[in-house]
Amino acid sequence: MPKFQTLKGFKDVLPEEFPYWRFVLGKAYDLADRYGFQQIDTPVLEETRLFLRGLQEGTAIILDKELYSFEDLDGASISLRPEFTAGIMRAYVQHGMHTRPKPVKLFAIGPLFRHEKPQAGRFRQHTQFNAELLGEEDPAADLEIMQLAYNLYRELGFQNISFQINSIGCPVCRPTYIETLVEYFETHYDELPQVDKRRLRVNPLRVLDTKEAATRALLIDAPKSVDHLCHDCAEHFDTLQGYLQALDLPYRVNFRLVRGFDYYVRTVFEVWAEELGAQNALCGGGRYDGLVESVGGPRTPGVGVGIGVERIVLSLKAQGVQPPALPRPVVMALHRGFEARLAALKLTDALRSAGVPAVTAFGERSLKSQLKSANKAGVRYAAIIAEDELAQGVATMRDMETGEQTKAPLDEIVAWVQKRRGG
RNA sequence: GUGGCCAUAGCUCAAUAGGCAGAGCACCUGGUUGUGGCCCAGGAGGUUACGGGUUCAAGUCCCGUUGGCCACCCCA
């Protein structure tokens, strides 16, 4: 066993993975551009308080346990970011971004850290593509965030994806709903499994997305948030559904879909892919009109989504989607003798400058050995430069697929290769 | 945090009933003077995850630890 290994829940991304990563991230950038989102990057480390601000005590304790927190050299408590949104909201307020033309549309890509028990598609460090739309209450904003997520999956080649949506109301209508919900479960208190008794106490909405069969039976008759929305929330939800229908976006209202935080309002949604087992949620998002305020800014509506990149990569593999191949060296310059080697180095340099991926054989090994290297590197052409070629000022260009060989003047090789690459 | 399954070479896996740690793939070198793939020969690569225990003898049985997978919990 190696002397050192990655920490529990962390992993290396090896070269074989990168066709997938570049495919996903390339598409993410592309879509963000097309949707008019601007990129923002915030520090990986922030004040711990930022991540635990204004949470109910029970929730704060749980989250605290999953936060990578430590004391800085000056004694300040700092933490690795467990999510993007808090840092982006902090930046929004700190830089007075509320004075920018609304809506402010931001996206970010980078690592997040949570001290969780590792599991399928869940690591202690994961990468997220995050989009936030701030300053707009129109359900079309919710729609835009949802479209962004949906089309990312669609354009990556995902099949059978659809939305699960719900509206969890707002500070006006939610408290009454939660009261009704708690009352309902209290009349069935003895039928509730231990976990759900606890949930009912700590975070009642969470009882709705329980995995306990006994509780799920009770859910059939449980009050639904969509039936307890205030006028504005109901209208917002109706309008959003009208948009989804108009745009042919497949969705289901799922009254069990919730978020556990107070600043979430109205729309919550997830994108689901069929046949992905227990972890069928590809991403989740929602509206958080109270969030900017909670970090000290003006009251600002907002809606956002977080999309886990590792989970996409896993799903792409599970669905057998082939990402485009990454560029490989096209030419390897082989050489024999010191002068030839210099010529090979110059040739490689010229090819690279012209945009042709090229490498030089290293060392002073036999031509045979160098050809083996060229074969393993998968290059299309071996440019052989030895005494004869040097004397004539040419290279022997060997096509590694057909074995065909032709000589070409050294200063014409760039053009020779480009012509054959169809450039 | 709770529970189940698992851990042998870089990878995939063997190793009778507890009795000398192996194969395939991958890697390196060679198969003569300037030519790859296939083939052949050779090489390197292991404290059997780690620590303890039982035994004449442990990869194999027992305990602990670490790590992985799966489910729960949680999911900003």
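Letters A, B, ... mirror the listed sequences (proteins, then strands); counts begin at 1.
At B/C74, one or more side-chain N or O atoms of A/R199 fall inside 4.0 Å of OP1 or OP2 (strictly under the cut-off). Contact check, A/R198 against B/C73: no side-chain N or O comes under 4.0 Å of OP1 or OP2. Neither OP1 nor OP2 of B/C28 sits under 4.0 Å from any side-chain N or O of A/R365.
Between the side chains of A/Q405 and A/T396, no donor-acceptor pair is found at a separation under 3.5 Å. Between the side chains of A/Y35 and A/Q147, no donor-acceptor pair is found at a separation under 3.5 Å.
Scanning atom types as modelled, no donor and acceptor separated by under 3.5 angstrom connect the side chain of A/Q405 and the base of B/G34. With hydrogens and angles left out, the side chain of A/Q119 and the base of B/C73 share a donor-acceptor pair within 3.5 Å. Taking only distance into account, the side chain of A/K117 meets the base of B/U2 through a donor-acceptor pair shorter than 3.5 Å.
Taking the six-membered ring for Trp and thresholds of 30 and 60 degrees, A/Y288 and A/Y263 have ring planes more than 60 degrees apart, a perpendicular arrangement.
Every residue two or more places apart in sequence or in another chain was checked for a side-chain contact (heavy atoms from CB on, under 4.5 Å) with A/K372, and none qualifies.
Between the P atoms of B/G52 and B/A44, the separation comes to 30 Å (whole Å). B/C56 and B/A41 have their P atoms separated by 44 Å, with the value rounded to a whole Å. Taking atom C1' on both nucleotides, B/G45 is separated from B/G24 by 15 Å, rounded to a whole Å. B/G30 and B/C69 have their P atoms separated by 41 Å, given to the nearest Å. The same atom, C1', is picked in B/G59 and in B/C13; the two are 14 Å apart, to the nearest Å. Between B/A71 and B/U29, the distance separating the two C1' atoms is 50 Å to the nearest Å.
Between A/D196 and A/L367, the one whose closest nucleotide on RNA chain B sits nearer the 5' end is A/L367. Along RNA chain B, the nucleotide nearest A/F123 and the nucleotide nearest A/D209 are compared for position; the residue whose nucleotide lies closer to the 5' end is A/F123.
Sorted by first and then second residue, the ring pair (Phe, Tyr, Trp, His ring centres under 6.0 Å) pairs with a member in residues 379-399 of chain A read A/Y381-A/W416; sequence neighbours excluded.
Heavy atoms of other residues, nucleotides or ligands lying less than 6.0 angstrom from NZ of A/K346 number 12 at most.
Salt bridge present: A/R122 and A/E116 bring a charged side-chain N and a carboxylate O closer than 4.0 Å.
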| field | Base-contact (B) and sugar-phosphate-only (S) positions in nucleotides 36-42 of chain B, heavy-atom cut-off under 4.0 Å, - elsewhere | value | BB-----
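Listed nucleotides B/C72, B/G68, B/A76 differ in distance to A/R206; the shortest reach to its side chain belongs to B/A76. In the set B/A76, B/G34, B/C72, the nucleotide with an atom closest to the side chain of A/R114 is B/A76.
B/G3 atom P lies 17 Å from atom CD of A/Q194, rounded to whole Å.
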